[in-house]
Amino acid sequence: MTIAIIGTGIAGLSAAGALHAAGLDVQLFDKSRGSGGRMACTRKDFGAIDIGAQYFTSRDRRFADAVQHWRSLGWVDEWKPSLYDFADGQLRPSQDEQVRWIGTPRMSSITRGLLGDLPVRFSCRITEVFHGKENWHLQSAEGESFGPFSHVVVATPPHQAAPLLAAAPKLASTAAGVTMEPVWAVALAFDQPLDTPVEGCFAHDSAIDWLARNRDKPGRAGKPDIWTLNASSRWSRQHLDLDKEAVIEQLHGLFAEQIGCAVPPPTFAHAHRWLYARPAASHEWGALADPDLGLYVCGDWCLSGRVEGAWLSGQEAARKLLQHHTR
Ligand code: FAD
Ligand code: NAI
């Protein structure tokens, strides 16, 4: 019998891949028009912009092995930016030995590759997950029903997971108790390249805590000169309901102060508000599960709020399911 997986971010696709590799059938669902979740890109005439995750690191051996495999498939490449740090109003070079990875030619290449030919329904927001006499069934916001399924894996941010976990109140209350921080992400494009050696910059105690030059990332050469900015969670929370134009204007001004070179008005600008960008704290759950019911929950918030944490959480959900299934 088929396993339903709700969410096609890296966690859901990690679980789907492991279950499929074990010979089980999966059916994926996502409310968005494509896969990737917070690793998604926004597509423009001049190319795709990484408006979510900017890069990732691998510290766990299992994830490192997966990244090497993705590299052999051409989905990822190492990114070696000229890094800076902005603190106390000063911009300083800040190189380090950390290996950083990036999807090529865009971040979403990884999730697209992982999805492959697996069956998926996009633009399908699941609103209810319920257990009938023997099996699971799903209901969508559009009024469609899906099922029967032997198991369900919920791979969404916690506040979107909680209402889907009504059959397992303990799991639902754990998910509901997780605090996620928002992030405003902005992309600015300039016809003339900015005159700066900065390719990536961390900042501390600043409204913009990360900025990066898109065209210096592997596979993204070309015009215009696009920069991605991530506002800090603090600034994002304080400006949660600001309209997009005002967010762009304010972050453009702060960017000009931070980058240390002349910054003209952008020829193109895009803002995206991530309401559930990152968990306020890390957890060590791996994945949540009610094995007797056949209900599993994964996502970055079950470990660390990073791409690696999300992938590992998906693996853990699959491992728990397979362990119980083959008992
Ligand atoms: P998600 O990617 O959020 O996937 C969940 C999926 O579930 C989504 O596709 C969503 O559409 C779907 N969904 C939700 N509810 C429903 C529903 N009811 N029905 C159907 N589908 C549903 N991490 C790093 O390691 N490095 C970085 O540099 C980095 N930068 C970041 C920058 C930003 C701006 C943001 C927002 C995140 C960043 N992260 C970074 C974090 C990283 O992107 C996440 O940890 C990771 O992508 C989370 O994956 P996930 O699968 O757990 O969740
Ligand atoms: P990492 O090891 O590159 O960075 C971790 C943190 O260490 C950075 O955020 C920065 O504060 C600091 N740091 C690292 N190298 C530095 C340097 N050379 N100079 C100055 N400071 C440096 O990557 P890791 O641990 O994989 O974290 C992933 C990244 O994803 C982090 O930057 C994190 O903030 C970011 N992230 C962003 C989210 C968002 O919504 N904006 C959500 C989740 C993660």
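For ligands, and for the atoms within them, numbers begin at 1 and follow the listed sequence.
Taking distance alone, with nitrogen or oxygen atoms compared against 3.5 Å, K31 approaches ligand 1 more closely than that limit. Between L164 and ligand 1, a contact under 3.5 Å exists for no N or O pair. Considering both main-chain and side-chain atoms, I10 comes within under 3.5 Å of ligand 1 through a nitrogen or oxygen pair. Taking any N or O of T156, backbone or side chain, none lies under 3.5 Å from an N or O belonging to ligand 1. Polar contact with ligand 1: present for V307 (N/O pair, distance under 3.5 Å). Taking any N or O of D30, backbone or side chain, at least one lies under 3.5 Å from an N or O belonging to ligand 1.
Scanning the protein heavy atoms around atom 37 (C) of ligand 1, the nearest turns out to be A277 O, 4.0 Å. Of all protein heavy atoms, the one lying nearest to atom 18 (N) of ligand 1 is I126 O, 2.9 Å. Remark: minimum distance from atom 45 (O) of ligand 1 to any protein heavy atom is reached at D300 OD2, 2.8 Å. Closest to atom 4 (O) of ligand 1 among all protein heavy atoms lies G9 CA, 3.5 Å. Scanning all protein heavy atoms for the shortest distance to atom 3 (O) of ligand 1 gives R38 NE, 2.8 Å. In this structure, atom 29 (C) of ligand 1 lies nearest to the protein heavy atom A53 CA, 3.6 Å. Nearest protein heavy-atom contact of atom 28 (O) of ligand 1 is Y55 O, 3.1 Å.
Outside the 6.0 Å centre-distance limit, the rings of W101 and Y55 are not counted as a close aromatic pair.
Nearest to atom 15 (N) of ligand 2 by heavy-atom distance, out of E308, R100, M180, E97, is R100. When R278, R59, R38 are checked for heavy-atom proximity to atom 25 (O) of ligand 2, R59 turns out nearest.
No part of T57 comes within 4.0 Å of ligand 1, judged by heavy-atom distances. Only backbone heavy atoms of A155 (N, CA, C or O) come within less than 4.0 Å of ligand 1; its side chain stays farther off. The part of Y55 lying near ligand 2 is the side chain, judged by heavy-atom distances below 4.0 Å.
The G305 neighbourhood of ligand 1 comprises atoms 41 (C), 45 (O), with distances under 4.0 Å to a heavy atom of that residue. Atoms of ligand 2 found under 4.0 Å from any heavy atom of T57 (numbered from 1 in listed order, with element): 23 (O), 24 (P), 26 (O). For ligand 2, the atoms lying closer than 4.0 Å to a non-hydrogen atom of L83 are 18 (N). Close approach of ligand 1 to C124 is summarised as follows: ligand atoms under 4.0 Å from at least one heavy atom of the residue are 19 (N), 20 (C). Proximity to D85 (heavy-atom distance under 4.0 Å) selects the following atoms of ligand 2: 20 (C).
Under the 30°/60° scheme for interplanar angles, the aromatic rings of W311 and W70 are found to stand perpendicular. Aromatic ring pairs are classed by plane angle as parallel below 30°, tilted from 30° to 60° and perpendicular above 60°; the pair F190 and F255 is parallel.
Heavy-atom separations between A141 and ligand 1 are all 4.0 Å or longer. The closest approach between any non-hydrogen atom of M39 and ligand 1 is below 4.0 Å.
Atom CZ of R306 has more than 12 heavy atoms from other residues, nucleotides or ligands within 6.0 Å.
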